[in-house]
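Because only heavy atoms are used, hydrogens play no part in the values below, and waters and symmetry mates are left out as well, while side chains stay in.
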Amino acid sequence: MASIDVCYSPELLHLYDLKGKAVVAVDILRATSTMVTAFAHGAKDIFPVMELEECRAFSGEGCLTAAERNGIKAEGFDLGNSPFSYMNGAVNGRSIAITTTNGTRAIRLSEAAEEVIVGAFLNLKTVAKHLKELALDVVVVCAGWKGQFNLEDTLFAGALVDYLQKDFAFENDATLASLHLYQAAKTDVFNFLRQSSHVRRLENLGIHEDVQFCLQHNLYEVLPVWRQDRLIDLKS
């Protein structure tokens, strides 16, 4: 039986052997939720990069550019990190280069895995189904906040474990803790997260609607996966 493990921060990835495994990279608030939304609204592909200048350079290749730092849209880019910015038809058929404080880093640092999948509550069931079909050992890589643990990504990990616990073994306490946290929160995830650091950070920026949107379960059937140098949607 394949196993599922949870890495609470990219800073801990050196403790995990990703070779031959499937990684689910997650940054619920908001990078991976935004990427899932972009694909749901017709984006062709997405180039997640770590640095602002690298992202800016993609504009010369006909890409839309998107950048966020500390929860705020970076100056001089087409888009920020709000999923609502990707719903007006502007991304349909377009390539997007994106850099964010945490999420794009989690994706790029996971490239050694056999498969890298972008997960969010928005596509939770689709990710779980794909993992069952792959039957590889899984590591959920939580983006966290600047290298530190965060609650919302851990709740996603617990939700995924909840879906997969009959089909995947888990021996690591991080996996068990994530599952127990999600089971405590799942009747009202938003209120469970109200006191979390990143929700408070975003609400201080007036980004209340983004938080509620990103916590919706199974809104989209899209499956962003890493292929060579970009993300594509396997369901498109």
Q: Are Leu15 and Leu109 connected in the hydrophobic side-chain network, where two residues link if heavy atoms are under 4.5 Å apart?
A: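 Yes, because Leu15 and Leu109 connect within a single hydrophobic cluster, where side-chain heavy atoms sit under 4.5 Å apart.
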Q: Apply side-chain hydrogen bond (donor to acceptor under 3.5 Å, both in side chains) to Ser95 and Asp45, showing your working.
A: CA-CA 5 Å; Ser95 296; Asp45 45 26; 2.5 Å; yes
Q: Do Asp5 and Val140 come close enough that some side-chain heavy atom pair is under 4.5 Å?
A: no
Q: Nearest 0.5 angstrom please: Ile107 CD1 to Trp226 CH2, how far?
A: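 The CD1 atom of Ile107 sits 8.0 Å away from the CH2 atom of Trp226.
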Q: If you look at every heavy atom in Ser82 and Thr34, which pair is closest and at what distance?
A: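 Taking every non-hydrogen atom into account, C-OG1, 3.9 Å.
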Q: Please evaluate residues Glu115 and Arg227 with respect to the criterion salt bridge (charged side-chain N to carboxylate O under 4.0 Å, His left out), reporting the C-alpha separation (whole Å), side-chain torsions for both, the decisive distance (0.1 Å), and the verdict.
A: CA-CA 9 Å; Glu115 180 93 298; Arg227 290 291 184 267; 2.6 Å; yes
Q: Might you confirm whether atom CD of Glu171 has over 12 heavy atoms from other residues, nucleotides or ligands at distances under 6.0 Å?
A: no
Q: Would Asp137 and Lys21 satisfy salt bridge (charged side-chain N to carboxylate O under 4.0 Å, His left out), going step by step from the backbone distance to the final call?
A: CA-CA 5 Å; Asp137 290 342; Lys21 297 180 180 179; 5.1 Å; no
Q: Please tabulate, for side-chain N and O atoms in residues 54-62, each donor-acceptor pair with protein atoms closer than 3.5 Å (sequence neighbours left out).
A:
unit_1 : atom_1 : unit_2 : atom_2 : d
Arg56  : NH1    : Glu53  : OE1    : 3.4
Arg56  : NH1    : Glu53  : OE2    : 2.4
Ser59  : OG     : Arg56  : O      : 2.8

Q: Give a yes or no on whether the backbone of Ala174 and the side-chain of Tyr8 come within a donor-acceptor separation of less than 3.5 Å.
A: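 Confirmed, Tyr8 side chain pairs with Ala174 backbone.
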Q: Applying a strict under-4.5 Å side-chain criterion to I, L, V, M, F, W and Y, I'd like to know whether Phe84 and Phe77 cluster together.
A: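 No, Phe84 does not connect to Phe77 through the hydrophobic network.
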Q: Give, for atom CG of Asn123 and atom OH of Tyr220, the distance between the pair rounded to the nearest 0.5 Å.
A: 10.5 Å
Q: A side-chain contact here means heavy atoms from C-beta on lying under 4.5 Å apart; do Ser178 and Thr175 qualify?
A: no
Q: Begin from the C-alpha positions of Leu223 and Ile117 and carry the test side chain to side chain contact (heavy atoms under 4.5 Å, CB included) through to its verdict.
A: CA-CA 7 Å; Leu223 189 64; Ile117 304 154; 3.9 Å; yes
Q: Phe47, Leu64: one ILVMFWY side-chain cluster at the under-4.5 Å cut-off?
A: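 Not linked; separate clusters.
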Q: Check whether any side-chain heavy atom of Cys142 lies under 4.5 Å from a side-chain heavy atom of Val6, and answer yes or no.
A: yes
Q: Which atom names give the shortest non-hydrogen contact between Ala97 and Cys63, and what distance separates them?
A: N-CB, 4.3 Å
Q: Using a strict cut-off of less than 4.0 Å between a Lys/Arg side-chain nitrogen and an Asp/Glu carboxylate oxygen, indicate whether Asp233 and Lys44 qualify as a salt bridge.
A: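 Salt bridge: no.
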Q: If I compare all heavy atoms of Thr99 with all of Met50, which pair ends up nearest, and what's the gap?
A: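 Taking Thr99 first and Met50 second, the nearest heavy atoms are OG1-O, 3.0 Å.
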Q: Around Asp173, counting heavy atoms of other residues, nucleotides and ligands shown, do more than 12 lie under 6.0 Å from its CG?
A: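 Not buried by this count: 12 neighbours or fewer within 6.0 Å.
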Q: How long is the gap from OG1 on Thr126 to CG on Leu234, to the nearest 0.5 Å?
A: 11.0 Å
Q: Under 4.0 Å between a Lys/Arg side-chain N and an Asp/Glu carboxylate O for Asp210 and Arg30?
A: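 Yes, charged N to carboxylate O under 4.0 Å.
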Q: Could you tell me whether Gln212 atom CD has more than 12 heavy atoms of other residues or ligands within 6.0 Å of it?
A: yes
Q: Enter the distance from Ile207:CD1 to Phe213:CZ here, rounded to the nearest 0.5 Å.
A: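 Reported value, rounded in 0.5 Å steps: 14.5 Å.
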Q: Do the side chains of Arg69 and Leu52 get nearer than 4.5 Å, heavy atoms only?
A: yes
Q: Could you tell me if the side chain of Phe192 sits less than 4.5 Å from the side chain of Leu155, heavy atoms only?
A: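 Leu155 vs Phe192: side chains touch.
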Q: For side chain to side chain contact (heavy atoms under 4.5 Å, CB included), just list the numbers for Leu18 and Val23, CA-CA rounded to whole Å, side-chain angles, deciding distance to a tenth of an Å, and then say yes or no.
A: CA-CA 8 Å; Leu18 300 183; Val23 158; 3.8 Å; yes
Q: Restricting to pairs with a member in residues 80-106, which pass salt bridge (Lys or Arg N to Asp or Glu O under 4.0 Å), not counting sequence neighbours?
A: Glu11-Arg105
Q: Is there a side-chain contact between Leu179 and Leu181, using heavy atoms and a 4.5 Å cut-off?
A: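 Not touching, per the 4.5 Å side-chain cut-off.
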Q: Please name the residue in the list Val116, Val141, Val139, Leu131 that meets the side-chain contact (heavy atoms from CB on, under 4.5 Å) test with Val24.
A: Leu131
Q: Aromatic contact between Phe190 and His208, with the criterion being ring centroids under 6.0 Å apart: yes or no?
A: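 Between His208 and Phe190, which both carry aromatic rings, the centre distance is below 6.0 Å.
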Q: Could you walk me through whether Phe168 and Ser3 pass side chain to side chain contact (heavy atoms under 4.5 Å, CB included), step by step?
A: CA-CA 5 Å; Phe168 286 74; Ser3 66; 5.8 Å; no
Q: Run the side-chain hydrogen bond (donor to acceptor under 3.5 Å, both in side chains) test against Asn92 and tell me which residues pass, sequence neighbours left out.
A: none
Q: Looking only at side-chain N and O atoms, does Glu68 offer a donor or acceptor that is under 3.5 Å from a partner on Thr101?
A: yes
Q: Is any side-chain heavy atom of Asn70 less than 4.5 Å from a side-chain heavy atom of Trp145?
A: yes
Q: Within this structure, what is the CD1-CG distance for the pair Ile28 and Asn102, rounded to the nearest 0.5 Å?
A: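 Answer rounded to 0.5 Å: 12.5 Å.
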Q: So, for Asp188 and Asn191, which heavy atoms are closest and what is the spacing to 0.1 Å?
A: OD2-ND2, 2.6 Å
Q: Work out which heavy atom in Gly119 is nearest to a heavy atom in Val26; give both atom names and the distance.
A: O-CG2, 3.6 Å
Q: What do you reckon, is CD of Gln183 surrounded by more than 12 foreign heavy atoms closer than 6.0 Å?
A: yes
Q: If you look at every heavy atom in Tyr86 and Ala38, which pair is closest and at what distance?
A: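 Nearest heavy atoms, Tyr86 then Ala38: CD2-CB, 3.6 Å.
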Q: Would you find more than 12 non-hydrogen atoms of other residues, nucleotides or ligands less than 6.0 Å from Gln165 atom CD?
A: yes
Q: Do Thr104 and Val49 have side-chain heavy atoms sitting under 4.5 Å apart?
A: no
Q: Walk me through whether Leu79 and Val91 qualify under side chain to side chain contact (heavy atoms under 4.5 Å, CB included).
A: CA-CA 10 Å; Leu79 298 159; Val91 303; 4.2 Å; yes
Q: Do other residues, nucleotides or ligands put more than 12 heavy atoms under 6.0 Å from the CD atom of Glu221?
A: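 No, because the 6.0 Å sphere around CD of Glu221 holds 12 heavy atoms or fewer from other groups.
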Q: How about Asp27 and Thr32: does a side-chain donor come under 3.5 Å of a side-chain acceptor?
A: no
Q: Mind checking the CG-CZ spacing from Leu124 to Phe156? Nearest 0.5 Å is all I need.
A: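 Nearest 0.5 Å value for the CG-CZ distance: 5.5 Å.
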Q: Can you confirm if the aromatic rings of Phe121 and His217 lie within a centre distance of less than 6.0 Å?
A: yes
